[in-house]
S.K.: 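Got a structure for you, questions after.
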Amino acid sequence: MGWKKVGLMVTNGYSSQVTILGVQVQDDLKWDEHVNGMVSKCRQRLHMLSRLKKFRMPPTDLLTVYQSYVRPIIEYAVPVWHPGLTGNNREALESIQKRAFRIILGADYEGNNRALQTLSVQSTDERRHELCANFASSCLNSRRYSSWFDVNQGHHSMQLRNTRIFAEPRCRTSRRHNSPIPFLTRCLNQV
């Protein structure tokens, strides 16, 4: 006897995905549809960025437009979906920033790593990880959400190489290991 795949319950029956506060959640807890939706929305906004480039807007202003108009789309609700991204999802999100850099730098674009240095910008993966770490820190300082993180009972004052202040929840599957709370706990232990 095998497992039967059950869809998410919605008002009109069952669906394989549902949108909650702008985040598309699939019944298999993968983020492909959410990432595809973000990429599609960002491509439309990158078209506007290329139109501004034709008006000879300086690169610093184009970077500001990218950071305030395009990047928030790929950073919305990051702590929820970042830990569960696949390699293909990460590449799709990074391709948005690469395309923006090609538009901003024009003929001066010499590759993504060089553009990151020239524009003094983090890669999208580094930025998402930093946002998750900041979110975890703010949750830890909150009276309401600090209970999400358990203090490691074996913690002591000795300086060791692998000191973990917070106990990471036990995870039997990689899906659970890559879910938000264990990931945010690892972020707190890295600080």
Side-chain angles (χ1 to χ4, degrees), residues 3-49 63-100 121-150 166 168-191:
W3 289 93
K4 182 179 177 186
K5 189 173 181 179
V6 178
L8 296 169
M9 187 169 171
V10 293
T11 55
N12 295 349
Y14 289 93
S15 174
S16 63
Q17 74 180 31
V18 66
T19 301
I20 303 171
L21 297 174
V23 177
Q24 294 177 4
V25 181
Q26 292 174 235
D27 62 353
D28 58 0
L29 297 178
K30 293 185 180 175
W31 300 103
D32 298 331
E33 294 300 320
H34 182 67
V35 169
N36 291 340
M38 287 189 301
V39 168
S40 174
K41 200 179 289 188
C42 286
R43 283 185 179 149
Q44 293 170 358
R45 292 189 180 196
L46 284 176
H47 177 70
M48 187 260 326
L49 191 67
L63 181 61
T64 302
V65 169
Y66 164 72
Q67 290 175 332
S68 59
Y69 193 62
V70 180
R71 192 169 70 181
I73 294 170
I74 58 176
E75 293 178 350
Y76 177 72
V78 161
V80 174
W81 50 266
H82 171 67
L85 291 179
T86 64
N88 290 339
N89 296 150
R90 292 174 196 275
E91 288 174 17
L93 294 171
E94 192 69 37
S95 73
I96 294 298
Q97 184 160 288
K98 287 178 185 177
R99 186 169 174 200
V121 178
Q122 296 173 310
S123 71
T124 57
D125 200 48
E126 291 169 352
R127 172 99 172 132
R128 286 191 311 270
H129 191 80
E130 182 180 301
L131 290 171
C132 288
N134 291 342
F135 177 76
S137 295
S138 65
C139 287
L140 187 62
N141 295 328
S142 166
R143 288 176 41 212
R144 187 175 196 176
Y145 301 111
S146 61
S147 62
W148 288 357
F149 309 104
D150 296 327
F166 300 99
E168 189 174 331
R170 293 185 186 260
C171 305
R172 290 185 292 189
T173 64
S174 62
R175 180 171 288 172
R176 171 73 172 128
H177 181 75
N178 292 330
S179 65
I181 298 300
F183 178 76
L184 294 174
T185 304
R186 287 192 300 277
C187 288
L188 287 173
N189 282 329
Q190 290 174 356
V191 174

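Because only heavy atoms are used, hydrogens play no part in the values below, and waters and symmetry mates are left out as well, while side chains stay in. Remember, predicted model here, so these are calculated numbers, not experimental data.
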S.K.: For the residue pair Arg43 / Ser40, report whether a side-chain donor-acceptor contact shorter than 3.5 Å exists.
M.R.: no
S.K.: Please name the pair of heavy atoms, one in Gln24 and one in Glu33, separated by the smallest distance, quoted to 0.1 Å.
M.R.: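 Closest heavy-atom pair between Gln24 and Glu33: OE1-O, 3.0 Å.
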S.K.: Of the non-hydrogen atoms in Gln97 and Gln122, which two are nearest, and what is the gap between them?
M.R.: NE2-O, 3.0 Å
S.K.: For the residue pair Met38 and Ile73, what are the closest heavy atoms and their distance?
M.R.: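 Distance-wise, the nearest heavy atoms are SD-O, 3.3 Å.
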S.K.: Yes or no on side chain to side chain donor-acceptor pair (under 3.5 Å) for Thr124 and Arg127, after CA distance, side-chain angles and deciding distance?
M.R.: CA-CA 5 Å; Thr124 57; Arg127 172 99 172 132; over 6 Å; no
S.K.: Give the minimum heavy-atom separation between Ile96 and Leu46, together with the two atoms involved.
M.R.: O-CD1, 3.7 Å
S.K.: Measuring from Tyr66:OH to Cys42:SG, what's the distance to the nearest 0.5 Å?
M.R.: 7.5 Å
S.K.: How long is the straight-line distance from CG of Asn36 back to CG of Asn89, given to the nearest 0.5 Å?
M.R.: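 Going from the CG atom of Asn89 to the CG atom of Asn36 covers 7.5 Å.
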S.K.: Specify whether His82 and Phe183 have parallel, tilted or perpendicular ring planes, treating 30° as the upper limit for parallel and 60° as the lower limit for perpendicular.
M.R.: perpendicular
S.K.: Scan side-chain atoms only and decide if Thr185 and Glu168 contain a donor-acceptor pair under the 3.5 Å cut-off.
M.R.: no
S.K.: Rounded at 0.5 Å granularity, tell me how far CZ in Arg176 sits from OG in Ser179.
M.R.: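 So the gap between those two atoms works out to 4.5 Å.
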S.K.: Using 30° and 60° as the class boundaries, would you call the ring planes of His34 and Trp31 parallel, tilted or perpendicular?
M.R.: perpendicular
S.K.: Closest heavy-atom contact between Pro182 and Cys171?
M.R.: CG-SG, 3.8 Å
S.K.: Considering non-hydrogen atoms only, spot the tightest contact between Glu94 and Asp125 and give its length.
M.R.: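 Looks like OE1-N, 3.8 Å.
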S.K.: Using side-chain contact (heavy atoms from CB on, under 4.5 Å) as the criterion, list what pairs up with Asn88, not counting sequence neighbours.
M.R.: Thr86, Glu91
S.K.: Just how far is it from atom CD1 of Ile181 to atom CG of Asp150, taken to the nearest 0.5 Å?
M.R.: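 CG of Asp150 is found 10.0 Å from CD1 of Ile181.
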